[in-house]
Amino acid sequence: MSARGSTRPGVRAALPDGDYEVRSAVYRSPGGSVCVDFEGEDGRSRTFDFADCELPGWHEDLAVAVAARIGPGGGLRTTSSALAMWNPLQRFLRTLAGVDEVPRRPEQMRVEHAEYFADSVAATMQEVYAWRFVEHVAEVLRLMPPTGRVPNEVLDVLRVRIPGQPRHVTGYSEGELRRLLAAARADVAAMRKRITHGRALLAASDGGPDAGRLRTVAEGGRLERLRETRAAGRMIFPMRDDLPGMLVLMTAVSGRNIETIKELPAEHQVIEGKAVEVVLTKRRRGARRWHESVLWEIGPPGQELRHPGGLYLLLHDLMAPSRTRAADPQWFWSFFRGLRYGDQHGSPFRSAMTADIPKTAWVARHELTDDGGAPMAVTFTRIRTSVEARRTRQMGGHLPSAARSNTVPVLFRNYLRDDPSTVEWAHEVMADALVDAEQAALEAHRRLADRTGRPEVLPDSVPAPAGTAQGPWSGCRDAENHPVTGRACRASFLECFHCGNCVITSDHLPRLLALLDAMDNRRRQMDEQVWWQRYGPAFAAIRHDILTRFTPEQVREANPEPVHDADLDLVEEPWQQP
């Protein structure tokens with residue numbers, strides 16, 4: 001064949017020689033059972049064999065539907081998601097095989113069969129999981145070929161979701177997260193020190209018997225005792241008990257979910273010594289939208305444990321000797337599994353994402369406790385939530401800047417909305433903002449009052465001076481002679497609270513309290529910034545310079561008089577607001 005890019009107008013694309021035959025994903029095994037091959041986009045493969053399934057009359061038609069569900073155009077493109085479909089399907093066939101009138105073929109299935117299956121699932125599972133379990137079966141049955149079609153009324157029964165409550169995971173407190181990350185950094189730093197020392201012994205020409213033992217294990221051999229072999233392997237390779245610290249730190253520093261971290265590739269590119277370019281596998285983005293190229297900052301020397309690019313390169317180097325001896329060197333993660341396994345080295349996640357991570361032993365080793373003193377429950381989802389909340393706080397709550405790997409709605413809905421630390425921080429921010437806004441309004445009131453005079457407050461049931469004209473919330477001793485202009489006053493009644501002609505007695509107190517309530521109600525109906533500009537100075541004047549002149553008993557005993565929105569509209573300046 002010609003090299004890539006050799007086509008041009010008038011030149012056809014090169015084609016392979018001979019006939020090309022597409023192998024069907026559905027076939028018969030040597031034993032005669034129906035099988036379906038699966039090649040996932042996560043690099044894993046699996047064969048689903050119907051040999052152990054009930055109801056042989058269903059197998060061929062179900063295999064066609066399964067192949068469509070897990071094929072290139074299907075919605076299940078990972079081993080874990082394919083297994084999530086396969087297990088309910090096996091239970092579905094077992095359940096049908098146990099009913100009184102067994103449907104030997106798909107077209108014999110009836111509504112009562114579907115209801116029996118759905119009820120049995122609901123009786124043995126939490127509702128939040130049961131509806132998804134039944135839905136997996138319904139999706140497969142919907143794809144069955146016309147020759148073995150399940151009646152539509154049966155599909156309608158299985159498509160009804162069992163309602164479940166959404167689950168929201170809260171993050172760690174700041175103290176818990178700090179202790180967790182300190183333990184992870186200490187683990188990775190100790191591992192680096194240990195392996196660096198082991199490499200130095202291997203490289204030394206006069207390393208002595210220690211170097212000989214290390215060299216034996218490094219070349220795939222074993223020592224006299226298994227314990228000695230593990231001890232020597234520990235000096236040059238990461239071990240299984242190193243995995244929790246590495247995963248915790250990589251999740252926290254990168255801000256990525258644990259599925260993406262588990263599937264990190266070993267292939268990468270360093271950009272000008274400043275960043276690492278890695279192609280990540282990001283699930284849950286829909287078919288054929290899985291891969292995302294990211295740039296991770298390396299950071300300055302000595303700060304590798306705090307920057308995603310630096311940590312990636314550090315762990316990549318520490319696991320490199322194990323990776324070169326593994327059967328799957330394309331995986332980032334690799335550690336010394338020991339001589340009891342067929343493969344001494346390899347990734348724990350190459351066959352399944354659900355590989356066990358010894359987190360409980362790791363927590364006990366570091367004596368990690370939560371704020372209540374109990375052993376800390378380490379989950380990567382909580383770590384991710386905590387990291388998202390911390391970054392949002394660092395960005396001052398600006399979600400577009402804080403959203404790194406998710407959209408703003410997903411960031412808020414899945415990570416921030418129900419996180420206690422985020423809610424508490426948001427309340428503090430709002431409280432500080434309100435204090436700042438009220439302080440600014442009070443300063444504006446006092447600047448106005450310094451120019452026009454302050455209201456005269458008569459709290460001791462003293463009547464207003466004779467000739468005082470009454471306004472909606474206060475009195476005016478000389479409306480025809482403004483303190484600044486010397487002319488008849490044309491200002492809004494809200495401006496009276498910054499004027500030396502204003503007179504306020506205890507009789508005005510109920511109306512003032514009602515005015516505060518009315519302004520507070522208006523605040524819920526309009527933009528916060530506009531509200532402070534329009535009503536803030538008057539609001540601050542009443543709260544800080546007027547009500548403080550009355551006793552707490554006078555304020556408590558005053559019954560606010562009703563104030564209609566029209567009263568506030570009439571004192572607007574101008575009356576008609578845009």
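Values in this document were obtained by computation on a predicted structure and should not be read as measured data.
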Could you go step by step and tell me if Val378 and Thr360 meet the side-chain contact (heavy atoms from CB on, under 4.5 Å) rule?
CA-CA 8 Å; Val378 176; Thr360 303; over 6 Å; no

Is there a donor-acceptor pair under 3.5 Å between the side chain of Thr124 and the backbone N or O of Ser120?
yes

Is the positively charged end of Arg523 above the ring of Trp531, judged by distance under 6.0 angstrom from the centroid and angle within 45° of the axis?
yes

Min side-chain heavy-atom separation Arg522-Tyr535 under 4.5 Å
yes

Of the non-hydrogen atoms in Gln554 and Ser506, which two are nearest, and what is the gap between them?
NE2-CB, 4.3 Å

Can you measure from CE (Met526) to CZ (Arg534) and round to the nearest 0.5 angstrom?
4.0 Å

Under a plain distance cut-off of 3.5 Å, with no hydrogens placed, do Thr260 and Arg384 share a side-chain donor-acceptor pair?
no

Glu528/Trp532 under side-chain hydrogen bond (donor to acceptor under 3.5 Å, both in side chains): CA gap, chis, key distance, verdict:
CA-CA 6 Å; Glu528 188 81 11; Trp532 279 107; 3.1 Å; yes

Please round to the nearest 0.5 Å and tell me the distance separating atom CZ of Arg306 and atom CG of Leu311.
11.5 Å

Do the side chains of Ile504 and Leu512 get nearer than 4.5 Å, heavy atoms only?
yes

Count the heavy atoms belonging to other residues, nucleotides or ligands that lie under 6.0 Å from CD of Glu553, then report whether that count exceeds 12.
yes

Side-chain contact, heavy-atom cut-off 4.5 Å: Val253 with Leu305?
no

Thr468 (side chain) donor-acceptor with Ala464 (main chain) under 3.5 angstrom
no

For the pair Asp187 (side chain) and Asp242 (backbone), establish whether a donor and an acceptor sit closer than 3.5 Å, ignoring hydrogens and angles.
no

For Leu516, does its backbone N or O pair with a side-chain atom of Asp520 as donor and acceptor, under 3.5 Å?
no

Taking all non-hydrogen atoms of both residues, which atom of Pro88 and which atom of Leu83 are closest, and how far apart?
CD-O, 4.3 Å

Less than 4.5 Å apart, side chain to side chain, heavy atoms only: is that true for His307 and Ile298?
no

Nearest 0.5 Å, what's the CG-CD distance between Leu89 and Glu139?
12.5 Å

For Trp86, what residues pass the ring pair (Phe, Tyr, Trp, His ring centres under 6.0 Å) criterion, not counting sequence neighbours?
Phe48, Phe50

Taking all non-hydrogen atoms of both residues, which atom of Gly255 and which atom of Val387 are closest, and how far apart?
CA-CG1, 4.1 Å

Heavy-atom pair of closest approach, residues Trp333 and Leu247:
CZ2-CD2, 3.6 Å

Quick one: CD on Gln439 to CD on Glu443, what's the gap to the nearest 0.5 Å?
5.5 Å

Would you call Glu174-Arg179 a salt bridge at under 4.0 Å N-O?
no

Starting from the C-alpha separation in whole Å, work towards a yes-or-no answer on side-chain contact (heavy atoms from CB on, under 4.5 Å) for Leu280 and Arg256.
CA-CA 10 Å; Leu280 301 182; Arg256 296 284 172 163; 3.7 Å; yes

Heavy-atom count check: over 12 atoms from other residues, nucleotides or ligands less than 6.0 Å from Phe550 CZ?
yes

Passes side-chain hydrogen bond (donor to acceptor under 3.5 Å, both in side chains), Glu277 versus Ser293? Steps please.
CA-CA 7 Å; Glu277 183 180 21; Ser293 180; 3.0 Å; yes

Report the C-alpha separation of Arg487 and Asn481 in whole Å, then their side-chain angles, then the decisive distance to 0.1 Å, and conclude whether the side-chain contact (heavy atoms from CB on, under 4.5 Å) test is met.
CA-CA 5 Å; Arg487 302 175 183 174; Asn481 188 17; over 6 Å; no

Heavy-atom side-chain proximity of Pro465 to Val503 below 4.5 angstrom:
yes

Distance-minimising heavy-atom pair for Thr379 and Lys359
CA-NZ, 4.4 Å

Exercise: identify the closest heavy-atom pair between Pro244 and Trp362:
CB-CG, 3.6 Å

Between atom CG of Leu177 and atom CE of Met376, what is the distance when rounded to the nearest 0.5 Å?
8.5 Å

Assess the residue pair Leu315 and Val188 against the criterion (side-chain contact (heavy atoms from CB on, under 4.5 Å)); give the C-alpha distance rounded to whole Å, side-chain angles, the decisive distance to 0.1 Å, and a yes or no.
CA-CA 9 Å; Leu315 298 181; Val188 174; 4.1 Å; yes

What is the distance from atom CD1 of Ile357 to atom CG of Leu243, rounded to the nearest 0.5 Å?
5.5 Å

Does the Glu176 side chain pair with the main chain of Ser173, one donor and one acceptor, at a distance under 3.5 Å?
yes

Please check this pair: side chain of Asn521 against backbone of Asp517, looking for a donor-acceptor N/O pair closer than 3.5 Å.
yes

Relative to the ring of Tyr312, is the ring of Phe332 parallel (under 30°), tilted (30 to 60°) or perpendicular (over 60°)?
parallel

Considering only NZ, NE, NH1 and NH2 on the basic side and carboxylate oxygens on the acidic side, decide whether Arg511 and Asp507 come within less than 4.0 Å.
no

Taking CZ in Arg451 as the centre, count heavy atoms belonging to other residues, nucleotides or ligands within less than 6.0 Å. Is the count above 12?
no

Check whether the ring centres of Phe497 and His445 lie less than 6.0 Å apart, and answer yes or no.
no

